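Labels below follow one simple rule: chain letters A, B, ... track the order of the sequence lines, proteins then strands, and each chain is numbered from 1. If you're wondering where the values come from, they're calculated on a predicted model, not measured in any experiment.
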Amino acid sequence: MSSTVWWEGVEKTRVLIAPDSGCGGGKPGELLTLRHPKSENGTCYLFNNGMLQEIQWFKQSYGSWFLGDYISQDGSLYMATPVDPVFILLPVFDQARMKKGDDPGKFRQLDEILFVEGYPDYQHLLSLAEKCMEIVCQTQEVGSMKFYRLDNSKVLAWLTCKVRCLKKTLPALDKNYAAQDEKQTLVDAVSIVGEYLKTEPWLKLLYDHLGLEFVDPVTKETNTETFPNAIENKMDYSNSSQEKANKKTGKPGKQTKQAKVETGSKNIRDMFSRACKKKC
Amino acid sequence: MGTIDLSAAASDETSIADLSGQVHQVPCCIRFDGPSQVSNYFKPKSSEVEVDGVRAEEAHFRGRKLQGATISLPTGYSGFVLGQASNKNANGKRKASSDTEENPCWEAKAKFDKVTYWNHDSLPSKDDTILRSFHWFSISEALHKPVTVEDLVAVTDTPSVPI
């Protein structure tokens, strides 16, 4: 053992996998509280070296870490991965344009848009918003001032890019995904994107745009329960493979699949907890 | 506001401990936090068994056989052991706890480039949850890579091309 040990003065430890680029920048990454784009709950994001990251939390029912000659009781694994700021800012820009019916709404300046009551941390994202939001907005310049208004057709095209990209990636993950037909892969891709979107209006618009039938998770649950007992075993089988498909994303309990997961192997589902971003 | 400071792990810094090869996730809860002579007692060996391209390793913990596998972290990522300084002051009394609870300051104390996870009853395989959780890195790359104007034009110009 070397004379100085890494755990000197440390009371608590956590294990994190994060982009290398987070080591640069010369100042600590900040934990910002922003509203989750789907649930609207205050959620912790990591803003490090100009990059916005989300934190996923992976924990098995039982586990601890050996970290060299040190034991850490908390066996969970945190993963920080870059998040496209457009997802996070979408609801904020949507609200700021004050769209009513067919009226496309108002053009506004960034500092106004990013003023979200109760969430001052959005102010940190000013230069990021300037760089990334033009792709989904119409802009107008008056003198040195720039005004932004979210544009639905641009948002839909942007979402379509996301779906295309995911759909290409999924079959490469493993053989279960590779064996899946194209339509199912598309549905999976949309439901993963849907983890970041409010059902109204975006997710419904996206389903519509792609010619998919929107399935309300609540209705689906009812349907599942009305299946007669005779085919229950068969159902269970498909549930567990569905469960696997869910797990592959590292994000269990996707809304559209929740109903099936409920009836299936519950114990496996408990091993994963949904991204608990408050923990850090 | 809390912070996570990884700067001690920057590549030009050599001060930080490298725990690569010594990061093990064991399949039981050990009710202890702190230093322990792990390397004296926990001695993993590689085995000949390979399932699905996953090479199994073997070790024993408290008389039980564990079977595990080592996962390399994806390119562009590193593992960090974060430490939170003790919130006791020089007299050993706890400082007002609200400050560290509301504004936790985590600092990279050690780094690593691979993780070994251990199963108790089963050989490691591609179906293990922790291996599958690593799919998240590929998925999030596809999902969060910025969309360029050219991508957008391609989608808008060819709406009839199947997605």
For chain B, find which of [options] contributes the most heavy-atom pairs closer than 4.5 angstrom.
options	result
A/Ser21, A/Gly63, A/Gly24	A/Gly63
A/Gly211, A/Gly75, A/Pro82, A/Cys132	A/Pro82
A/Thr81, A/Thr169, A/Val136, A/Asn48	A/Thr81
A/Tyr62, A/Phe47, A/Trp65	A/Trp65

Please classify the contact of B/Tyr117 with chain A as side chain, backbone, both or neither, using a heavy-atom distance under 4.5 Å.
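Neither part; nothing is under 4.5 Å.
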
Using side-chain heavy atoms (C-beta onward) and a distance below 4.5 Å, is [X] in contact with [Y]?
X	Y	answer
B/Ser7	A/Lys27	no
A/Asp84	B/Lys145	no
B/Trp106	A/Leu16	no
B/Phe32	A/Ser64	no

Rounded to the nearest 0.5 Å, what's the gap from [atom1] on [X] to [atom2] on [Y]? Could you check?
X	Y	atom1	atom2	result
A/Leu46	B/Ile4	CG	CD1	5.0 Å
B/Asp113	A/Ile17	CG	CD1	11.0 Å
A/Asp174	B/Asp52	CG	CG	9.5 Å
B/Phe61	A/Phe66	CZ	CZ	4.0 Å

Pick from B/Asp18, B/Leu19, B/Ile16: which one makes a side-chain contact (heavy atoms from CB on, under 4.5 Å) with A/Trp6?
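Looking at B/Asp18, B/Leu19, B/Ile16, the match for A/Trp6 under the side-chain contact (heavy atoms from CB on, under 4.5 Å) is B/Leu19.
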
Tell me, side chain or backbone of [X] under 4.5 Å from chain B's heavy atoms, or both, or neither?
X	value
A/Ala80	backbone
A/Thr13	both
A/Ile71	both
A/Phe87	side chain
A/Cys161	both
A/Leu77	side chain

Of all of [options], which one pairs up most often with chain A through heavy atoms under 4.5 Å apart?
options	answer
B/Leu73, B/Asp5, B/Val149, B/Val26	B/Val26
B/Gly2, B/Pro146, B/Gly83, B/Gly79	B/Gly2
B/Leu131, B/Leu143, B/Val81, B/Val23	B/Leu143
B/Thr116, B/Thr148, B/Val38	B/Val38
B/Cys29, B/Ser39, B/Cys28	B/Cys28
B/Thr75, B/Val115, B/Asp33	B/Asp33

More than 12 heavy atoms of other residues, nucleotides or ligands under 6.0 Å from NZ of B/Lys45: is that the case?
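Counting neighbours around NZ of B/Lys45, 12 or fewer heavy atoms of other residues, nucleotides or ligands fall under 6.0 Å, so no.
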
Residue B/Arg64 excluded, over 12 heavy atoms near CZ under 6.0 Å
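No.
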
Is it the case that the side chain of B/Gln22 and the backbone of A/Asp69 share a donor-acceptor pair, with hydrogens and angles ignored and the cut-off at 3.5 Å?
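Between the backbone of A/Asp69 and the side chain of B/Gln22 there is no qualifying donor-acceptor contact (under 3.5 Å).
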
Can you check side-chain contact (heavy atoms from CB on, under 4.5 Å) on B/Ile139 and A/Leu173, steps first, answer last?
CA-CA 9 Å; B/Ile139 292 178; A/Leu173 288 179; 3.8 Å; yes

What verdict does the side-chain contact (heavy atoms from CB on, under 4.5 Å) test give for B/Leu152 and A/Trp158, after you've listed the backbone C-alpha separation in whole Å, the side-chain angles of each residue and the deciding distance to 0.1 Å?
CA-CA 6 Å; B/Leu152 210 61; A/Trp158 178 84; 4.0 Å; yes

Any luck finding a side-chain donor-acceptor pair between B/His144 and A/Tyr196 under 3.5 Å?
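Yes, a side-chain donor-acceptor pair sits under 3.5 Å.
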
Run B/Ser140 and A/Met79 through side-chain contact (heavy atoms from CB on, under 4.5 Å) and show every step you take.
CA-CA 11 Å; B/Ser140 81; A/Met79 302 175 182; over 6 Å; no

Basic-acidic side-chain contact under 4.0 Å: B/Asp151, A/Arg164
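Judged by the 4.0 Å cut-off on N to carboxylate O distance, B/Asp151 and A/Arg164 do not form a salt bridge.
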
Could you tell me which non-hydrogen atom of A/Cys165 sits nearest to which non-hydrogen atom of B/Ala142, and how far apart they are?
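Scanning both residues completely, I find the closest heavy atoms to be SG-O, 3.5 Å.
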
Run A/Leu31 and B/Asn103 through side-chain contact (heavy atoms from CB on, under 4.5 Å) and show every step you take.
CA-CA 9 Å; A/Leu31 293 167; B/Asn103 302 305; over 6 Å; no

